[in-house]
Each structure stands twice: as C-alpha cells, then as structure tokens.
Amino acid sequence: MQKLKKYNVLPDLIQDLKIFLVESLGDDVLIDDIEFLRPSDEVMGDISTNFALKKASKFKKKPRDFAQELKLIVEKSTFSVNFNKIETAGPGFLNFYFSDLFISNGLQYIKNVDKAYGSSNIGNGKNIIFEFVSANPTGPLTIAHARQAAVGDTLCRIYKKIGYHVCAEYYLNDRGVQIYNLGHSVYSRYMEKCGFKADFPENGYKGEYIVDLAESIFQDENKKYVDWEKEKAISAFSDKAYHVIFDEIKNDIKEFNVHFDTWFSERKLEEEGRIENALKDLQDKKIAYEKDGALWFRTTDFGDDKDRVLVKSDGSTTYLASDIPYHWDKLKRGFGKLVNLVGPDHHGYISRLKAAVDAYDEKGSEKLKVLIVQLVTLYRGKTQVRMSTRLGEFISLRELIDEVGIDAARYYFARRKPESLLDFDIELAKQQTPDNPVFYVQYVYARIASILRKYKEQFGNRKINPYGDLNWNSMENGDRSLIKSLLRFPDTVKGAALNFEPQRITLYLENLAAVFHSYYNKNKILDPDNTEKMDMRIHIIKSVALIIKNGLEIVGAGAPEKM
RNA sequence: GCGCCUGUAGCUCAGUUGGAUAGAGCAUCAGAUUUCUAAUCUGAGGGCCGCAAGUUCGAGUCUUGCCAGGCGCGCCA
C-alpha cells in the first residue's frame, strides 16, 4: 500500500496534483494546461479545475465524462486523503472539497513556521532593485511622493517575502539646474533679509520653507555672504539648502516606515566622470551623434519615435545623460530585474530609458519594469486641493503623517492599484471613523489580543494541550471557513508580488477580517465547558492574529493590542 | 494629431491574470448586545460591467472601432 500524501500548504498540494495529473494522462498534457482556481462560492468547493472543459475535445471526450474520469483518478490516488469529496459540476468543472485532515494540517503548519508563514522561495535569491520616490531635494516630499514611497516600500517587503534579494534605492538629483534654482531662490530671500533688492529667479521655489532656510542661514552667519560674488554665493547656498532639505526628506521617509538600502548620488556619478564616459561610449558605438550643436541619442534605433538630446547646445547635460550611466550601473551591480516607480508625467520617458538599458545589454529592456504610480487628488472635504511644488502649495508627507497618521496613510496608499488615480480626502482619513478600513482590520487583532488576555487570566493555570494533540473532531463549519481563509495567504502574497499589486494584500486582509468578525459573533471562544474546543479555537485565533499582523506589516501599518 | 491610464450599484472601489448566479464598504431601510471589545454582526433593496461588433464551450476580463474623463508628447525636470 502506498503512503498517503499529506500536505500543509495549498500551493504545494496544487503543484503536486498538477504533476500527478500530467503523469496520469500521458505526454499530450503540459503542466501549464492544468489550472486550479477558486470557485466564486464556497458551495462549489475549495479549489476547482476547468481542465476537463478545456481539453475534452483534444481527448475526444465529452467534458462531463472526462471530468468524471479525472475524479476517479484522483479519488483512487494517494491525494484523496486531502479531500473530503470531489465532484463534477456545471459544464465540466471538477470541484475539490478539503478534508479536515488537510485543514488541520494547514493550521498546524502555520503554527510551526509562525512569522515565516506566507513566505516562499519563488525568487530563489535573485537580485531585484526598486527605485522609487527619487524626488529632487529642492523641497519637502508631497503626497504624490508619499504614495510612491508607500507603494514602493510595500512591494519591496512583498518581494522579500517571496525570496528575492531586494534593494530599495533612492536616486538623488543633487546637481543640475534645479539645485541651482534652489540655491538662487534661497540666496534671493537671504539678500532681501539683509536689506538688498534681489531678483528672484523666474523658475525659483516660492515656498515658505525657502524663506525659513534663508532666515536660518542669516541667524547662523549673519551678513557673511552679502559681499560674495553672486554665483559663488548661490553655489554655497545650493549646497547648504539641499543638505538641509535632504535630511528632512530622509527623516520623514524613515518615520513613514519606509526603508531605503541605498541613496545613489547623481553628483557622484558626475564627479567620477561616468556621465562623460557613458556619452563617449555611446558615440563610439555610433548611437549618439552631434547635430545643431547638441549631442543626440539615437533612441529611434530602439523603438522611440524620435531621437533625444543628451547634451544641450549650451553644454549642459539632460536628465537622460545621467540616467544612462545610472541604469548601466544597476545592471553592473548584478540586478536581473530593475523596477522603477515613476509619476505619470514620466510616461514619455519610458522608451528613452529602455533604449538606455538596451544600449548596454541586449536584454536590458526586458529586465526593466517601469511602474507608473498615479497621482493623488487631494480633498479637504469636498474641496480639491491644488498642488504645485514650485508655487509652494502642497500637502507634504510631514503634514500627512501629522494629520492622518502613519497606519492609515500607509494602508490607504497600498489599498489601490498603483496605476489608478487616488482620491484622498484628508478630512475623512483623519477622522478615524469606521469608514477607514485599516481600523476594521486592526480591530481583529485587538479583539483577539483581548480574548487571549482573558484566556490567560481565566485559564492561565490550566495545562494547555500540546498542539498536535488538539481534537479536530470538534471543528465546525465556521472553524473550517476561517482556517481556509488563512490557507489562502501564501498565494495572495505571490499574486501581489508577481503582478506588482499591493492592493491584493489589503483586500485579503479585509476579507479575512470580515470572516473573523462574523465568526466571532457566532462562536464563543472561551468556553470552560468544552475545553477541547476552546483549545482548538485559541490556536485558530492565534493564527488569525499572526496573519493579520504579518499582513499589516507588509503594508507598513501596525497591529495594536488594544484599541 | 499620436501615446498611456481610467470607465462596474446613488458614492468609493474589488473582481485571483478567460470560468459557474458580477462582489464589498459607505449611504438607505429592517434587525441583533443578561455573552470573550457594537470600531462588530444578520438581512433587504439597489446593475445595459461606457457603447457596438468580433474571438469560443464561456467575455466585466482578450481583439477592433467608437464615446467620455485624466495625463503625457521640449535642447524642462
């Protein structure tokens, strides 16, 4: 007699079942032909396959007959122990219902691996780099940056979970015309402060923070710079200003629970001569040429609709000129996948960037994934808040953290598909009403924490059954449904990662929370008259709490013990 | 004009990458607490999935063409 095949994790069961079916059916079937999905309704089973429906014609059989054959094959196999029943249904679906053995094994597995539950080794240690935010250090981060930060950080956490070696990087534009504008703006405010009439730059930054910076320099060094030659002073002010602003950016990002591994400096790229080298390289390869006194990148060779300027006729370089060696550097560092999160205004830039990486590596553009993170439309109640960094009108990340709170903000940003526009009503978000789904999810954790406190208080002296000795016979349908929700977590993490869709995590959490709250209302957990059931349920809700906490952590929010 | 995104309930959005009877929250209405946290739960109403063709056993999902909205198309960043 063959040994029965027991499983702990859903993906493993499905994978082996596919392999088994391929072996049983012979050469004509590929593993990718077989697909398992989740029926829309629980009464239609826990997992189901449409294989019979899809391939019946190939086997010259009627779909329902074919499904019936498959049903018998699995029933006779060593897999049958994982299923309570298998049924053919509809036009030719085959529906599988989990056995209590599979369900209880699954729960036991969650308990055993604890915090690692949901992790997998799909990435197999491959290197992936996420570049996001990368805002110019010329002003505070806005709410649009906040969304990018939240989405990027969450994606990084998800990819770590599925076994990738992840690098989160911030590309710092610490040179160039915007940094000059920043210095010039502060210089003008400083000169005004010192009683001189100063010309404010046309594209200068008009925010109040510029005045504050000038004020602070005046406090520290008084009228020291008044006699300096203008350009020299502006250069000094540029340096001072961007360091102060960049430090604030770093602080805000850290407080927002967002982690960067590396901060890549454009200025350093220039100082090391790598921009120049890259341009020379392109010219040697004849994919850059001079025309009208400028240097052009022949991006049309790579599918762009027109060539792009690298060096302007005034001798200064464009962003693209720096981005080329920067992205080559990413490839040199051994990243097999480059993910860039950018705003929708950079959309036209994608083909340029693809050309840049292709110029270095034939497969460069396959490795590069540019994810557009859409804008946030901000509301205060019904009124839309218009934003412009240069005009100094915005809601900063700092204000967002202060007003809305980190948990709610992070959760809110993770909740929507990155490429969808997001309406963010500050008034609503800061009200902390039940409208806010993060509280609904966090409440699960707080409720369970409360039950566990009470359990310890009332039954703390009781000897608790070792986990393996739990009596699963007392499982009811409510228990089964709740555990089955828990078994979906690993696949959810995988799907969120491979599709770059963090909202799948929050969606899962809200669904799990709904299942739990409903369960809570119907089932008494602490029941001294039935300690076997109580022990079992304590283990179930501990696992629920574990996954809620794991899930919230992925989106950067916390799980409070009390609310 | 070209390109990208979006269009699903009154509102905000899901829809597991082509599956079975299209879902949830809010709002509206009707209920639930001698009980572990009511920030909760149970139920009801609410739909031309923008429109029209096509692909096939099967389409909210894929293709094409329209319609509507948003954004981008510089020797700006």
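Below, read A as the first sequence line, B as the second, and so on, with proteins coming before strands; counting in each chain starts at 1.
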Nearest-nucleotide comparison on RNA chain B, the residue closer to the 5′ end among Glu35(A) and Ser316(A):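 Between the two, 5'-proximity favours Glu35(A).
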Of Gly348(A) and Asp314(A), the one whose closest nucleotide on RNA chain B sits nearer the 5' end is Gly348(A)
Measure the distance from [atom1] on [X] to [atom2] on [N] and round it to the nearest whole Å.
X	N	atom1	atom2	value
His346(A)	A77(B)	NE2	P	10 Å
Arg415(A)	C13(B)	CZ	P	10 Å
Arg352(A)	C76(B)	CZ	P	11 Å
Ile350(A)	C71(B)	CD1	P	18 Å

Less than 4.5 Å apart, any side-chain heavy atom of Tyr171(A) and any of Tyr326(A)?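 Answer yes - side chains close enough.
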Could you list the residues that satisfy salt bridge (Lys or Arg N to Asp or Glu O under 4.0 Å) with [X], not counting sequence neighbours?
X	value
Asp304(A)	Arg308(A)
Arg147(A)	none
Lys524(A)	none

Ring pair (Phe, Tyr, Trp, His ring centres under 6.0 Å) with Tyr508(A): which residues, sequence neighbours excluded?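 Once residues adjacent in sequence are excluded, the partners of Tyr508(A) under the ring pair (Phe, Tyr, Trp, His ring centres under 6.0 Å) criterion are Phe489(A).
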Measuring from Glu169(A):CD to Glu131(A):CD, what's the distance to the nearest 0.5 Å?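 Reported to 0.5 Å precision, the distance equals 6.5 Å.
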Check if the side chain of Ser313(A) and the base of C75(B) share a donor-acceptor pair of N or O atoms closer than 3.5 Å. yes
Suppose we call a contact any N or O donor and acceptor under 3.5 Å apart; does that hold for the side chain of Asp345(A) and the base of G72(B)?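 No, the side chain and the base share no sub-3.5 Å donor-acceptor pair.
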OP1 or OP2 of [N] under 4.0 Å from side-chain N/O of [X]:
X	N	value
Arg447(A)	A38(B)	yes
Tyr519(A)	C36(B)	no
Lys454(A)	U37(B)	yes

Output the single nucleotide from G3(B), G19(B), A77(B) whose closest atom is nearest the side chain of His347(A).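 Shortest atom-to-atom distance from the side chain points to G3(B).
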For the P atoms, the ones on A53(B) and on A59(B), what distance do you get once it is rounded to whole angstrom? 14 Å
Of residues 506-516 of chain A, the positions that come close to RNA chain B - non-hydrogen atoms, cut-off under 4.0 Å: Leu507(A)
Of residues 476-494 of chain A, the positions that come close to RNA chain B - non-hydrogen atoms, cut-off under 4.0 Å: none
Just label U21(B) as syn or anti from its O4'-C1'-N9-C4 or O4'-C1'-N1-C2 angle, using within 90° of 0 for syn.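 Anti.
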Could you pull out all residues at least two apart from Glu366(A) that satisfy side chain to side chain donor-acceptor pair (under 3.5 Å)?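 Scan of Glu366(A) (side chain to side chain donor-acceptor pair (under 3.5 Å), adjacent residues dropped) gives none.
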Quick one: list whatever passes side chain to side chain donor-acceptor pair (under 3.5 Å) with Tyr180(A), sequence neighbours left out. Glu231(A)
Below 3.5 Å is the cut-off: list the nitrogen or oxygen pairs between protein and nucleotides 20-23 of chain B, distance only.
residue, atom, partner, partner atom, Å
A20(B), N6, Ser48(A), OG, 3.0
A20(B), N6, Asn95(A), OD1, 2.7
A20(B), N1, Asn95(A), OD1, 3.3
A20(B), N1, Asn95(A), ND2, 3.1

Taking the six-membered ring for Trp and the full ring for Phe, Tyr or His, determine whether the centres of Phe439(A) and Tyr411(A) are under 6.0 Å apart. no
Can you say whether the rings of Trp263(A) and Phe246(A) are parallel (under 30°), tilted (30 to 60°) or perpendicular (over 60°)?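 If you compare the ring of Trp263(A) with that of Phe246(A), the planes turn out perpendicular.
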Under 3.5 Å, N/O pairs linking protein and nucleotides 5-7 of chain B:
residue, atom, partner, partner atom, Å
C5(B), O2', Glu419(A), O, 3.3

Could you list the donor-acceptor pairs under 3.5 angstrom formed between side-chain atoms of residues 341-348 of chain A and any protein atom two or more places apart in sequence or on another chain?
none

Taking Watson-Crick and G-U wobble pairs with both distances under 3.5 Å, convert RNA chain B into its dot-bracket string, 5' to 3', dots for unpaired and | for cross-strand pairs. (((((((..((((.....[...)))).(((((.......))))).....(((((..]....))))))))))))....
